[in-house]
Number of protein chains: 2
Amino acid sequence: MEARAPKYHLVMEQIVELIAEQEPGSPMPTERDLAARFATSRTTVRQALAALAADGRIARTQGSGTFVAEPDRVYVHQMTSYSEDLRSQGRQPSSRILEVTHGRALPDVSAALGLEPGGRVHRVERLRLVDGEPLALEVAHLPGRLPRLRAELERRGSLYETLREAYGVTLARAEDVVETGLASPHEAGVLGVDTGAPMLVIRRTAHDADGRAVEYTRSVFRGDRFRFVARSAFDGAEVT
Amino acid sequence: MEARAPKYHLVMEQIVELIAEQEPGSPMPTERDLAARFATSRTTVRQALAALAADGRIARTQGSGTFVAEPDRVYVHQMTSYSEDLRSQGRQPSSRILEVTHGRALPDVSAALGLEPGGRVHRVERLRLVDGEPLALEVAHLPGRLPRLRAELERRGSLYETLREAYGVTLARAEDVVETGLASPHEAGVLGVDTGAPMLVIRRTAHDADGRAVEYTRSVFRGDRFRFVARSAFDGAEVT
DNA sequence: TCAAGAGATTGGTATAGGCCAAATCTGCTA
DNA sequence: TAGCAGATTTGGCCTATACCAATCTCTTGA
């Protein structure tokens, strides 16, 4: 039942010991040095380093080197306002609109929004930052007529505020499905992570008070930094 | 801003097209065949296949081959009983006790439970299965005196039921922190996934009505199958 | 005919090395 | 002294190959 540990995992553990007493920011030996030190190939070292990077324990910069890192965790509580939540942690949230389009919905989107296949939706792609650093890439899909959406959104910043004030759309309830994903090249590029890095994906479907689906949003958070916090009062629920 | 897509990502997309019309269970070309077909190295093909396996779209068996798979998703709602939730989805949940120990808590555990460093805790390691297939590895840490814990737990199956009925411990509220993780060799072995496969990790801290921490549990779910669902009523919360 | 063993096939892991891209350093010139 | 160009360093990506482990198929013997 006990799986044999691959060599790169052992190397990873050795690297953890190596950096245990190092201050965040301090440089580590190069990949080539680590390979010589651990008498292994550079590829094996790279696998070990990738796993540590996925956990935010090291930061790797091409051309510069690999550095010990303190995981800079961001916690977001489900029931609270994202921005207020971050501010209460002393963080500075901001966001940037990357693209706003209007076109046919892909099958998963139209299904989530209860549209007929190929129905038209507005698509808003935003980058979410904390203290100026990218944290998440969010693509919202919104059905219905939303004239001048980009301008209205740029004026207010908040998508929900925009929906409510500019279009009379008020959200009543939402369902978040949390899962893992691997960063696509596009996501990797805008978030400053590697393609294939583990990400925390949240797919939200929100409905208004009449039960109409008014939003389907897929958000991809950096797995090394983001933590989703859900609280519950007990009724015997045993999630685990 | 657009990152160059690594070759393995392109190969992955080609493989997706290749299997788009295939039935789940149907065999795919071998790694060596795919490498020849896409004029690339087997290592690059393997990277592409690993990404698809992480999403549950293919199943890889050493010595046998690689097969198209239908992601067999399991959805668990935060506010409901795990077992009842699964049964309502027509699934058959079960669990198996792997190990029950009593010893010194590691620093993260003692911190989570508000114990002094090295304080003693009971540790219960369980495998969670759905329809006979491993889904999660769960390690619960429980403070206090819990005599004959293993026997009591084996009698009842449910940890919370055991705590309540055998030890008078009733949980009042819990906080779940959801994050990504990579499967350790141990986790990989018991869950039947590869070391390093992306996992959804839920760390739960539960308190009783007096605010005492009575449980700290880390659960590691297969990222290719497990989805954590959280619902909220709106108060302007904008998680994404 | 069935079971066991041998051989073939296929995925799993690792090595050695090459080449490219990003960052940094060094040296030269204005 | 500052800026720029070139060289160097270091991480990022890929190739070719070898070997091992798990599974499947075929052959042989009882």
Side-chain angles (χ1 to χ4, degrees), chain A residues 1-12 14-15 25-54 57-69 182-185 188-189 191-197, chain B residues 1-12 14-15 25-54 57-69 182-185 188-189 191-197:
Chain A
M1 190 56 73
E2 190 69 17
R4 187 203 73 132
K7 187 170 184 181
Y8 83 80
H9 197 87
L10 303 176
V11 168
M12 186 188 81
Q14 286 174 303
I15 294 174
S26 51
M28 291 167 56
T30 66
E31 295 179 355
R32 292 169 175 94
D33 287 348
L34 289 170
R37 175 181 295 202
F38 297 128
T40 192
S41 75
R42 197 176 139 218
T43 303
T44 303
V45 164
R46 292 184 55 78
Q47 280 183 283
L49 292 174
L52 291 173
R57 297 167 79 159
I58 61 172
R60 308 166 81 186
T61 310
Q62 180 176 349
S64 178
T66 301
F67 303 87
V68 178
L182 303 178
S184 71
L191 292 171
V193 299
D194 294 334
T195 298
Chain B
M1 191 55 72
E2 192 66 19
R4 186 202 72 132
K7 187 170 183 179
Y8 82 80
H9 197 86
L10 302 177
V11 169
M12 186 188 82
Q14 285 174 303
I15 294 175
S26 52
M28 292 168 55
T30 66
E31 294 178 357
R32 292 168 175 95
D33 286 347
L34 289 171
R37 174 181 298 202
F38 297 127
T40 194
S41 74
R42 199 180 139 216
T43 303
T44 304
V45 164
R46 293 186 53 78
Q47 279 183 284
L49 292 174
L52 290 174
R57 299 168 77 160
I58 61 172
R60 308 167 80 185
T61 309
Q62 179 175 354
S64 176
T66 302
F67 303 87
V68 177
L182 303 178
S184 70
L191 291 171
V193 299
D194 293 334
T195 297

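Values below: all heavy atoms of this structure, side chains included; hydrogens, waters and symmetry mates excluded.
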- Message: Going by side-chain contact (heavy atoms from CB on, under 4.5 Å), B:Leu49 matches just one of B:Ile58, B:Val11, B:Thr44. Which one?
- Response: B:Ile58

- Query: Using a cut-off of less than 4.0 Å, is there contact between a side-chain N or O of B:Arg60 and OP1 or OP2 of C:dG12?
  - Reply: yes

- Query: What's the spacing between B:Tyr8 OH and A:Thr195 OG1 if we round to 0.5 Å?
  - Reply: 5.5 Å

- Task: Could you state the atom-to-atom distance from CD1 of A:Ile58 to C1' of D:dG12 in whole Å?
- Result: 14 Å

- Task: Please state how far atom CZ in A:Arg46 lies from atom P in D:dC14, giving the value in whole angstrom units.
- Result: 11 Å

- d(CG, B:Asp194; P, C:dA14) in whole Å: 12 Å

- Report the distance from atom OG1 of A:Thr43 to atom CD of A:Glu31, rounding to the nearest 0.5 Å. 9.0 Å

- Query: For B:Arg57, does the CZ atom sit with more than 12 other heavy atoms under 6.0 Å from it, leaving out its own atoms?
  - Reply: no

- Item | CE on A:Met12 to OG on B:Ser184, rounded to 0.5 Å | 8.5 Å

Scan nucleotides 8-10 of chain C against the protein and return all N/O pairs shorter than 3.5 Å with their distances rounded to 0.1 Å.
residue, atom, partner, partner atom, Å
C:dT10, O2, B:Gly63, N, 3.1

- Message: To the nearest 0.5 Å, what is the distance between CG on A:Leu52 and CE on A:Met28?
- Response: 7.0 Å

- Query: Quick one: side chain to side chain donor-acceptor pair (under 3.5 Å) partners of A:Thr40, sequence neighbours excluded?
  - Reply: none

- Note on the structure: Taken to the nearest whole Å, CG/A:Leu49 to C1'/D:dG12 is 12 Å

- To the nearest 0.5 Å, tell me how far A:Arg46 CZ sits from A:Leu34 CG. 11.5 Å

Are there any protein N/O atoms within less than 3.5 Å of an N/O atom in nucleotides 15-17 of chain D, and if so, which ones and at what distance?
residue, atom, partner, partner atom, Å
D:dT15, OP1, B:Lys7, NZ, 2.7
D:dT15, OP1, B:Thr40, OG1, 3.1
D:dT15, OP2, B:Thr40, OG1, 2.9
D:dT15, OP2, B:Ser41, N, 3.2
D:dT15, OP2, B:Ser41, OG, 2.9
D:dT15, OP2, B:Thr44, OG1, 2.4
D:dA16, N6, B:Thr43, OG1, 3.4

